[in-house]
Colleague: 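This structure is in structure tokens; I'll ask about it shortly.
Values below: every heavy atom of this structure, side chains too, minus hydrogens, waters and symmetry copies. First the proteins, then the strands, lettered A, B, ... as listed; each starts at 1.
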Amino acid sequence: MIEVEHLTKVYPLGATTVHALDDVSLQIRAGEMVAIMGPSGSGKSTLLAILGCLDVPTQGVYRLEGQTVERLSDDRLAEIRSQRIGFVFQQFNLLPRTTALENVMLPLLYNGQRGREREALARRALEIVGLADRWRHHPNQLSGGEQQRVAIARALVNDPAILLADEPTGNLDSKTGMEIIALFQRLNRELGKTIVYVTHDAFIARHTHRVVHLKDGRVIREEKIQKPLVAMQEEQKT
Amino acid sequence: MNLPLIVENFRIAWRALLANKLRSGLTMLGIIIGVAAVVALMSVGQGATADVTSRVQSLGTNLITVSAGRLFTRLGPSLASPSLMSSLYYRDYEAVVESVGDMALIAPYYQTQATIKYENRQSQYSVVGTTPEFLTVRTYTVARGRFLRRQDNVSEARVAVLGAQTASEIFAGLNPLGRQITINGISFTVVGVLEAKGNMGFGGGTDDVVLIPLQTGYSRVFGRLAVNKGKRALSGILLSAYQADQVDTIIQKVEFTLRKQHNLTLRDELNFTISSQSQMLSALSGVTSTLTALLGAIAAISLLVGGIGIMNITLVSVRERTREIGLRKAVGAKRRAILAQFLIETLVLSVCGGLIGILLGSAVAGLLTASGLITARLTVNTLLLAFTSAALVGLFFGIYPAYQAAGLHPMEALRYE
């Protein structure tokens with residue numbers, strides 16, 4: 001599903017350069033749930049951005065579902081982001097003064113869906129994350145956990161195979177954070193989504209099949225989780 | 001680019017406009033003022049054009065003027081006394097009558113300044129010696145009494161017809177008919193008063209005149225300047241064609257006749273000027289439409305300034321909404337989708353400003369007309385011009401900020417604080 005080989009990302013910083021990623025190779029299979037861990041500055045967000053086609057590597061190869069994408073144009077990358085990848089941010093990044101439903105409909109706008117289909121798909125996505133009845137609310141009327149669910153619904157609305165999340169629980173308290181992780185586990189288990197999230201919390205990381213440890217832009221260790229933790233049984237009832 | 005996206009972009013733009021009303025209003029202000037200025041000034045210019053046109057037409061339809069001397073030589077100091085360089089004579093008039101008398105009504109005239117005195121009041125007026133045809137050719141009407149008659153010229157009668165303004169200034173409410181005035185010391189009887197026509201503002205007034213029989217003028221009033229070596233000078237000859245389509249033929253025939261009279265070959269420059277009313281009209285409307293264009297251009301400068309204001313605010317807005325742009329790109333917006341979003345936003349701003357400006361400008365034009373200062377004339381073309389230039393200004397000045405927005409890197413935009 002996701003294959004990267006010898007990935008390097010260099011940023012200019014004043015007179016010098018920073019190696020955010022240094023020869024990273026990684027494979028993620030379809031249906032797998034993976035956590036990327038590391039201290040701040042380890043390059044984990046940069047890696048996720050490249051996996052999400054929000055950024056391109058300086059060197060190396062990235063094959064997404066068999067297609068080489070690291071040299072594609074901006075507009076082709078936008079199409080891939082639109083159709084194959086759902087991205088979830090630490091800051092939720094919902095548009096203010098806009099209802100939950102409209103926020104979820106946003107990605108559909110950019111792939112030319114008609115108004116009626118847009119609304120039906122967005123309602124369906126809100127249903128999956130358990131917010132069907134809150135579609136009318138604006139972000140400032142929703143709790144942090146609910147806002148992140150809206151963001152996840154937005155990531156799901158185009159039915160991508162891959163969900164990428166950058167510190168999805170970073171702005172939430174631990175109970176709410178676990179609810180989000182439980183939601184990811186359900187999406188992985190029931191809908192077969194491939195899920196990759198970045199975290200610096202070892203406990204959160206252990207809710208996946210595999211943890212990739214990053215330090216100074218390098219993969220220092222890959223850890224297979226024999227028995228992934230299962231978050232919050234009660235979440236599954238909603 | 002798909003239709004739902006364009007529709008959605010208009011909604012986004014409209015919401016952004018309403019979300020920050022004060023800022024939107026201030027942004028639009030430049031466009032509002034610019035468009036209002038274009039509308040108001042162009043209406044004034046077009047009003048002036050219409051005004052001049054109607055005044056020229058009131059001179060009489062199908063009017064042809066033959067004047068002594070070339071137009072530019074007459075603009076010298078000799079303007080007040082055309083006879084000094086006069087090259088048009090009474091016998092020219094007789095030749096013209098012979099040539100085109102069956103195609104036009106013809107009135108010769110000699111004009112000079114003279115002192116008019118009634119009892120102890122006296123003042124300078126334009127005294128015009130002419131024939132009965134003058135009334136019809138210049139489209140005057142007689143208000144009281146009668147106009148000059150053929151017999152007055154034959155008998156060199158000392159009778160005068162007063163312009164409306166002259167009559168009211170000299171007699172101040174008295175009935176002028178039958179009263180005696182003196183022109184340069186010679187006494188005349190007032191036999192008629194003309195209806196007011198309104199002054200042209202150029203080429204002398206039409207209501208502040210004193211009309212006398214031409215022959216009486218030659219023998220009693222105009223003096224030696226007018227009658228030189230037996231030749232009686234004329235200021236001009238007025239012709240009113242019976243049929244509009246004969247105007248050009250008449251002009252040609254008159255020119256031919258006068259060349260012959262003056263012994264001019266075809267290569268010689270004319271020492272008289274023939275102009276038709278339509279030529280005068282086109283010359284004048286040329287002047288006023290240049291004026292209108294100039295006014296419009298000045299107003300367009302404020303439109304330009306308004307456009308720069310829009311660009312400024314949109315640049316700030318792009319900066320403020322960097323994260324929003326990043327997000328839109330992250331969920332699949334292509335460059336041109338972002339480009340369209342910001343272009344449509346500036347378009348909505350400038351079109352709204354344009355509409356408000358049109359209302360404001362029309363109101364100003366209406367007020368000016370109502371105040372009686374100037375007659376402003378609002379045309380659909382002016383409104384269309386103002387509206388399209390506002391929209392184009394919005395689009396043009398939106399291009400740069402929109403490109404900035406579209407070119408943002410999605411990841412960097414998302415991380416922007």
Colleague: When rounded to the nearest 0.5 angstrom, what is the spacing between CE in B:M411 and CG in A:D166?
Modeller: 6.0 Å

Colleague: Roughly how far, to the nearest 0.5 Å, is the NZ atom of B:K334 from the CZ atom of A:R81?
Modeller: 10.5 Å

Colleague: Hey, what do you get for CG (A:D75) to NZ (B:K329), rounding to the nearest 0.5 Å?
Modeller: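 It is 8.0 Å, given to the nearest 0.5 Å.
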
Colleague: Which atoms of B:R321 come close to chain A, meaning under 4.5 Å heavy atom to heavy atom: side chain ones, backbone ones, both, or neither?
Modeller: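 The answer is neither part of B:R321.
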
Colleague: I want to check something: taking the side chain as every heavy atom from C-beta on, are B:E8 and A:M105 in contact at a cut-off of under 4.5 Å?
Modeller: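 Sidechains of A:M105 and B:E8: no contact.
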
Colleague: Got a sec: does the NE2 of A:H137 have more than 12 other heavy atoms crowding it under 6.0 Å?
Modeller: yes

Colleague: Enter the distance from B:E324:CD to A:T98:OG1 here, rounded to the nearest 0.5 Å.
Modeller: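 One gets 8.0 Å once the value is rounded to the nearest 0.5 Å.
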
Colleague: Could you check if a side-chain atom of A:Y110 sits within less than 4.5 angstrom of a side-chain atom of B:L5, using non-hydrogen atoms only?
Modeller: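 Counting from C-beta outward, A:Y110 and B:L5 do come under 4.5 Å.
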
Colleague: To the nearest 0.5 Å, tell me how far B:R15 CZ sits from A:E102 CD.
Modeller: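 One finds 4.5 Å between CZ of B:R15 and CD of A:E102.
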
Colleague: Does A:Q59 have more than 12 heavy atoms from other residues, nucleotides or ligands lying within 6.0 Å of its CD?
Modeller: no

Colleague: Could you check whether atom CZ of B:R415 has more than 12 heavy atoms from other residues, nucleotides or ligands sitting under 6.0 Å from it?
Modeller: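 More than 12 heavy atoms, drawn from other residues, nucleotides or ligands, come within 6.0 Å of this atom.
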
Colleague: Measuring heavy-atom distances to chain B, does A:R154 have an atom under 4.5 Å in its side chain, in its backbone, in both, or in neither?
Modeller: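 Contact with chain B involves the side chain of A:R154 alone.
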
Colleague: To the nearest 0.5 Å, what is the distance between CG on B:L327 and CZ on A:F92?
Modeller: 13.5 Å

Colleague: Could you check whether any side-chain heavy atom of A:L95 comes within less than 4.5 Å of a side-chain heavy atom of B:R328, counting everything from C-beta outward?
Modeller: yes

Colleague: Of all the heavy-atom pairs spanning B:A333 and A:A78, show the shortest one and how long it is.
Modeller: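 Distance-wise, the nearest heavy atoms are O-CB, 3.8 Å.
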
Colleague: Between the side chain of B:R323 and the main-chain N/O of A:N93, is any donor-acceptor distance below 3.5 Å?
Modeller: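 It does not hold such a pair.
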
Colleague: May I ask you to name which of B:G326, B:A19, B:P410 has the most heavy-atom pairs under 4.5 Å with chain A?
Modeller: B:P410

Colleague: Grab the two heavy atoms, one from B:G332 and one from A:S82, that are nearest each other, plus how far apart they are.
Modeller: CA-CB, 3.7 Å

Colleague: With a 3.5 Å cut-off and no angle check, do the side chains of A:D74 and B:H409 form a donor-acceptor pair?
Modeller: no

Colleague: For atom CZ of B:R377, is the number of surrounding heavy atoms from other residues, nucleotides or ligands below 6.0 Å larger than 12?
Modeller: no

